[in-house]
Amino acid sequence: MLAALSRSGPGWSVQCADDAGVPSGAVVPVVAADVATLEREQRPRWLWDAAAVVYPGLLAAGVRLHRCVDITQHERVLIARAGRYGEPVSTAAVLARRDGRPAPPDVALAPAAEPGLFDDGPVNPAATPGDLLAAHRDQQDRLAAAAGSPAGEAVDVDPAALRLLLAAESASALVAAEMGHLGMPWDVGVHSDILSGLLGPRPAAGERPAVMVRLADDIRAAFGHPVNPDSATDLRAAFRRAGFDIDSTRSWTLQQLDHPAVAPVLAYKELHRLFTANGWNWLQQWVRAGRFRADYVAGGVVSGRWATRGGGALQIPKVVRRAVIADPGHVLVVADAAQLEPRVLIAVSGDERLGALAAADDLYAALADVGFAGRRENAKMAMLGAMYGATSGAAGQLLGTLFQQFPVAMDHVERAARRGEQGRLVSSVLGRTSNRPGPQWWATVDRGAAPDASPAEEQRGRQTARAWGRFTRNFVIQGSAADWAAVWLSCLRRDLTAQVPAAELVFFQHDELMVHVAEADAGHVAALVAATAAEAGRLVFPHAAGGWRVPVRPTVVRCYADAK
DNA sequence: TCAAATGGCGCC
DNA sequence: AAAGGGCGCCATTTGA
């Protein structure tokens, strides 16, 4: 049963329907309590424009829902399948396209200033429950066609795979809203201690911390004249005056130089990063009542990975993870998928020779023994280079071995790269599909290929084409990894909701997740985390020879920094 | 003077 | 011959 929930006028209303989207009742006005009642009595699949819009208000009102069908999450996948990634994805946009009208732009989903009001907040162009049902039917109708390749530009996928992806994207949207609502446990005192330990006491507004001031003095002394270490231009000029012809001041570049300013500059950069990105201001802005709340956007990245807005939740530096501490009587169950991307390469390419190594917990070590004289670092660098498109440098040197030993896997990523260089589309294993390169790309590439192109234009065209090839090469891996992770997350949420309802999924970062749970339930949760990882493997890679596995070993800790 | 672009670096 | 993928965020620089 479906329950279409929308705001189409002053308040919210709901209309029930069968699974095909055919209405089975009238449109009824509702408040949050009515939603809770319907959930308890009927447990429908809630059909809505976007969980990101509707669900936070319900959560704030204390209403938690089991399942949803999220029109915008589905549309993002479907529209990309049609080679039109980036076009509007709201219910109104779906219906407009169906009717051959121009699609209205999506409303920017700014984080609600006052989260919690079911009745307020941003909303995409108005939709009635009837609109939701019509859009849902339209999406169901398009699903079979979407599995096929649009104009031969993308690879066909199994309709069942696409259906799995859509379900996972809807569930992920629920998780994202719940995660934003719950937040990660965050100990402000511990974080403050980390900051004062490294930076000195909190400076007055607009001032630099004492330790950074001292380093800035050291830098000035080393150069013999004033230099603003916050200015890349200034810093580069100073090193050039000192006789080092550098064109950037990236840490890696500076490390190569023999000059007394290098050490204090590198130290300064590190502290500057901590101070500006995760310093006292960050604490004040993002941590409330012992929780760090960010806005998670499930599938917000073209490859299907999550994005966040605000707080930099997917870039929490290791040094401050010491501040992530479970509540009294609680623990954190933390798990990541070890070496996920090379294992995904094995599955999507069907390379059995490479797959034979996957039984090892440490795939890179096994690979090292096969072709890299036991040198794990080299094996790892080569494998990452293959998936990112490295051609030169150390990784480039090592790629030859992979080409020789694992032609099936290498051919898979090479083919993806060639498609990208031609401006064609690629898809993940479940059918998530890349965007098209823009007009600027085509102009540059076409100019380079023109008979009267200058050598410089030819080179620029080649570089531009190859850059897109690196993107599509990586897309088939990163996107498929995101597919697996989304299914993992969905399965875990399903099981936690049913079996350990008090457990809180509080963090998810590409291939890693964290559950905050009462100590007594930790073992149960850890078992579910591992079991759902295996289940996701079976669902996402059903054809993998000999089964597909990725080591997921949950650790139970009080503090995030102690995980692994 | 403001907004957009750039440089740099954190995470995966 | 050959420039490693995806992000978000901050401060500085650039340019309209």
Side-chain angles (χ1 to χ4, degrees), chain A residues 206 208 212 228-237 246-254 265-266 268-279 281-282 285-286 294-297 299-321 336-342 344-345 380-399 413 416-417 420-421 426 428 432 434-435 455 458-460 462-482 485 507-513 560:
Chain A
R208 285 195 285 216
M212 287 171 65
N228 175 11
D230 290 338
S231 163
T233 326
D234 215 21
L235 209 49
R236 188 178 59 219
I246 54 172
D247 45 22
S248 98
T249 61
R250 280 190 289 268
S251 311
W252 192 86
T253 308
L254 299 187
V265 166
L266 292 176
Y268 183 93
K269 278 170 175 281
E270 207 175 317
L271 293 179
H272 177 263
R273 167 79 194 183
L274 175 66
F275 175 59
T276 57
N278 295 96
N281 291 343
W282 181 91
Q285 186 176 359
W286 295 106
D295 236 21
Y296 296 90
V297 187
V301 174
V302 63
S303 65
R305 300 225 284 208
W306 285 26
T308 56
R309 285 200 244 296
L314 299 183
Q315 298 116 256
I316 299 167
K318 298 218 154 111
V319 60
V320 303
R321 293 183 183 184
D336 73 342
Q339 304 168 342
L340 177 60
E341 296 200 339
V344 165
L345 172 58
K380 179 176 178 178
M381 200 180 299
M383 185 57 89
L384 293 175
M387 293 185 295
Y388 290 165
T391 52
S392 68
Q397 307 285 319
L398 297 165
L399 278 179
V413 288
E421 289 168 14
V426 293
S428 70
R432 184 138 20 208
S434 63
N435 54 327
E458 280 182 23
Q459 189 189 0
R460 232 173 88 65
R462 258 197 319 272
Q463 281 174 353
T464 302
R466 295 188 75 90
W468 201 263
R470 286 192 297 278
F471 162 62
T472 50
R473 170 197 297 268
N474 185 253
F475 186 100
V476 298
I477 306 297
Q478 188 182 118
S480 300
F507 192 53
F508 172 64
Q509 185 182 35
H510 312 312
D511 61 358
E512 171 182 7
L513 53 79
Y560 186 20

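Hydrogens, waters and symmetry mates are skipped; everything else that's a heavy atom, side chains included, is used. All chains are named by letter (A, B, ...) in the order of the sequence lines, taking the proteins before the strands, and each is independently numbered beginning at 1.
For the atom pair CZ (Arg208(A)) and OH (Tyr268(A)), the distance works out to 3.5 Å, reported to the nearest 0.5 Å.
Helical stems in DNA chain C, defined as runs of 3 or more consecutive Watson-Crick or G-U wobble pairs with donor-acceptor distances under 3.5 Å: B:1-12 with C:5-16.
Here the side chain of Thr464(A) pairs a donor or acceptor atom with the backbone of Arg460(A) at under 3.5 angstrom. No side-chain donor-acceptor contact under 3.5 Å links Glu421(A) to the backbone of Arg466(A). Looking only at distances, no side-chain donor or acceptor of Asp511(A) sits under 3.5 Å from a matching main-chain atom of Leu340(A). Using modelled atom types, one side-chain atom of Thr472(A) and one backbone atom of Ala416(A) make a donor-acceptor pair closer than 3.5 Å. Between the side chain of Arg236(A) and the main chain of Ile246(A), no donor-acceptor pair closer than 3.5 Å is present. In terms of modelled atom types and a separation under 3.5 Å, the side chain of Trp282(A) and the main chain of Gly311(A) share a donor-acceptor contact. For Arg473(A) (side chain) and Ala386(A) (main-chain N/O), a donor-acceptor pair under 3.5 Å exists by modelled atom type.
Note on Gly396(A): nothing from the nucleic acid sits closer than 4.0 angstrom, heavy atoms only. Note on Gly311(A): only backbone sugar-phosphate atoms sit closer than 4.0 angstrom, heavy atoms only; bases stay farther off. Across all strands shown, Thr391(A) has heavy atoms under 4.0 Å from sugar-phosphate atoms exclusively, and none from any base. Using a 4.0 Å heavy-atom criterion, one finds that Ala232(A) contacts the sugar-phosphate atoms exclusively. Residue contacts shown for Arg473(A) are absent, as no nucleic acid heavy atom lies under 4.0 Å away.
Shown here is Gln509(A), whose CD atom has more than 12 heavy atoms of other residues, nucleotides or ligands within 6.0 Å.
Nucleotides of DNA chain C with any atom under 4.0 Å from a heavy atom of chain A span, from 5' to 3', dA2(C) to dT13(C).
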Show the distances under 3.5 angstrom between N or O atoms of the protein and N or O atoms of nucleotides 9-11 of chain B.
unit_1  : atom_1 : unit_2    : atom_2 : d
dC9(B)  : OP1    : Ser251(A) : N      : 3.3
dC9(B)  : OP1    : Ser251(A) : OG     : 2.6
dC9(B)  : OP1    : Lys269(A) : NZ     : 3.3
dC9(B)  : OP2    : Ser251(A) : N      : 3.3
dC9(B)  : O2     : Arg273(A) : NH1    : 2.7
dG10(B) : O4'    : Arg273(A) : NE     : 3.0
dG10(B) : O4'    : Arg273(A) : NH2    : 3.1
dG10(B) : N2     : Gln315(A) : NE2    : 2.9
dC11(B) : OP1    : Lys318(A) : N      : 3.2
dC11(B) : O3'    : Arg321(A) : NH2    : 3.1

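Note: Phe471(A) and Phe475(A) have perpendicular aromatic rings, judged against thresholds of 30 and 60 degrees for the angle between ring planes.
Each of Met383(A), His510(A), Met387(A) was compared with Glu341(A) under the side-chain contact (heavy atoms from CB on, under 4.5 Å) criterion, and only Met387(A) meets it.
Distance CG (Leu235(A)) to C1' (dT6(B)): 16 Å, rounded to an integer number of Å.
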